[in-house]
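Throughout, protein chains are lettered first and strands after them, A, B, ... in sequence-line order, and every chain is numbered starting at 1.
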Amino acid sequence: MDSIFVFEQLLNGLGYGLMLFLLAAGLTLVFGIMDTMNLAHGSLYMAGAYIAARVHEASGSFAAAVLVAVAATVLVAFVLEVLIVKKLYARDHLAQVIATFGVILIADDAVKAIWGPSPLMASMPAALAGPVQLLPELPYPAYRLVLLAVGLLVAIGLYVLVNHTRVGMLVRAGASNRRMAEFMGVRVGRVFSFVFALGAALAALAGALMGPISAVQIGMGEAILIPALVVIVIGGIGSVRGAFIAALLVGLVDTAGRAFLPPLLRALLPPALAADLGPALAGIAMYLLMAAVLILKPAGLFPARA
Amino acid sequence: MPKLKTVAVSLALSAALGAHAAAPIKVGMALDISGPFATIGAETRDGFNLAIEKLGGKLGGVETEFLQTDFAGNPEQANQLVARYLQRDKIDFFTGPVASNSALAVGPALFAAKVPFLSSNPGPSLFAGKQCNPYFFGVSYQNDTYDEAAGKVANEKGFKNMVLIAPNYPAGKDHIGGFKRLYKGAVKEEIYTKVGQIDYAAEIAQIRAAKPDAVFVFLPAAMGINFIKQYVGSGLKDIALIAPGFTADQDVIEAVGEPTLGMLNTAHWAHDLDVPANKAFVEAFGKKYNGRYPTVYAAQAYDVVMAMDAAVREVGGKVADREAVVAALKKANFKSVRGEFKYGPNNFPVQNYYLRVVDKDASGKLTNKLVGTVLEKHQDAYVGDCKQ
């Protein structure tokens, strides 16, 4: 296990973490501020991936594909909010979970009806399809470096937005004490709509960017929803900073679990046992992390309503 | 008096007719058109439907009801579905699930009810060996046999060091075990991934660090699509990929595109296999489904319906006599798209396995091309454990 291998895995972990962050940021804002559990967040991610794949194929421009995907998904989210989510703000979590789960099922069938049941081929922009020689011994996929850069930029942008703008102040006020914010004259409804649209835009961005390295397929939103939920639980509900740290942690732990645990166990245990135990432990590493954090800090690392 | 007799006879006749009309043959089909095996499920369904259309919705000339239900690649749901098929619908044949864990989950209930289970894809080692059953027919292949062929190809190509990668579920272990059975070189790493995994960056870094001559990859459906894209994007293109046919079949080729070029893969069938029944099948398939090339899944599914058709014809439509049906199925008296095959003592096929390579066809479309035969009239390794 040489240093290049460790460095490469570090990059992989950070990249996965940043993509999780794009998803989890929207999820945690909506949950933290509006107190609304939106399971259909993953469906917005799927929508972003499908639209980007199709637009990229038709136009040949990846940048245009990402922009159109984000814009179109925000539009879908707007309709979703007006028709369904608005009615759920006043309901309890169970109603929200059931209703948004219904949205997932409808979204999956809608995608099947529009684009068919088979996964789509989302191609990479040709200029980024190959590897870049990062170090003499380490070619690294150029596209993943772009993901890293975009993820970091968005994180910085969100940090500035939430901590240094007026909108961000209202968002934080809504997250930490919604009723007080209402008393102070914040038009919470508008902030809600803005946050919902922002979350959708981030989810679509993640979907559009992840499409070329993963299969664009029905159900992709559900698969990524679980780690995103783990991230917001670890980070503390409603906290963008918490989501950022937790996403990086989950990304690193998940990658490290898959990369280092199996070889380590093979060195320590009989091969048959190691082959059974390694993947199993790697698969639950993220949940072990969550359990450990919750034992120490039951409200997550940086809860918004501390 | 003669009048009364006539009435009685016509009553009896119409009763018999009525009974016949009310009870067509019922085939329970479990589809996986959503979930982790969605692409394979869709191919399987298309293969079934082409065969059903060709037979005019009948088996052996007898009216047949084909019940198709999606159960999303989930063994738990498969169990419930099969219970419903057995208790409510009283099916006469069962087929369909894509994954080995689903086949293993539903097998016992079907065997207890004496309903023939014709596998349109999975061939778990347990059903080929210790738990073999006269009611199970591995119409497709035994899970390891593709990999045995891949192992032999790896020897012939001179790959001395290899990394093996597969999902962590029963079929994943079967496939890696099969590869190692005939492969003579060294295995540097054996990597097991989550079922349905999306990101393979960690595994690809392990492969890079291990510096193998080639990588054996069994990752079906979307898992393979992701892996191959990321593998090529990571600059590992020079380390050859060798796979059982599933990981480089038409569904994967179409989703991944150019990066699949040159992938070596082994299968018991190829769309350019020179067999008359196959030519007719591939042409009909293309006509029905927008010029698509079928995958092995579609080909096997087609064969399953043809196998049922032949068996029903053989027993003259009397599917209630299950022992006769099983005996008829065992004869495999139909024109398979893969040419000649027969069942061994464990009801798994004795057939040829071929090497295919991803290349471009005359119109520039990416597809598999037949290279040659790797294993001839090959039976799986578990047949000795089967006591029936």
- Item | Max heavy-atom pair count under 4.5 Å with chain B, selected residue of Pro141(A), Ala282(A), Ala223(A) | Pro141(A)
- Item | Leading residue by heavy atom contact count with chain B [cutoff under 4.5 Å; candidates Ala129(A), Pro212(A), Pro262(A)] | Pro212(A)
- Please state whether the side chain, the backbone, both or neither of Asn168(B) comes within less than 4.5 Å of a heavy atom of chain A. side chain
- Query: Using non-hydrogen atoms only, which part of Tyr200(B) is less than 4.5 Å away from chain A: side chain, backbone, both, or neither?
  - Reply: backbone
- Salt bridge Lys180(B)-Glu190(B), side-chain N to carboxylate O under 4.0 Å: yes
Looking at chain A, which one of [options] has the largest number of heavy-atom pairs inside 4.5 Å, strictly under?
options                                    : value
Gly41(B), Ala205(B), Ala255(B)             : Ala205(B)
Arg208(B), Lys194(B), Glu203(B), Gln230(B) : Arg208(B)
Lys237(B), Glu189(B), Glu43(B)             : Glu189(B)

- Item | Aromatic ring proximity Phe246(B)/His175(B), centre distance under 6.0 Å | yes
Quick one: what part of [X] sits under 4.5 Å from any heavy atom of chain B, side chain, backbone, both or neither?
X         : value
Asp254(A) : side chain
Ala280(A) : backbone
Ile213(A) : both

- Note on the structure: Exactly one candidate in Leu225(A), Leu202(A), Val231(A), Leu44(A) meets side chain to side chain contact (heavy atoms under 4.5 Å, CB included) with Leu27(A); the answer is Leu225(A)
- Message: Checking side-chain polar atoms at under 3.5 Å, does Tyr293(B) have a donor or acceptor matched by the opposite partner on Asp361(B)?
- Response: yes
- May I ask you to check whether Ser100(B) and Asn143(B) show a side-chain donor-acceptor distance below 3.5 Å? yes
- Enclosure of Lys365(B) NZ (heavy-atom neighbours >12, cutoff 6.0 Å): yes
- Query: Gln250(B) and Asn368(B): side-chain hydrogen bond (donor to acceptor under 3.5 Å, both in side chains), yes or no, with the steps?
  - Reply: CA-CA 7 Å; Gln250(B) 198 62 33; Asn368(B) 268 309; 5.4 Å; no
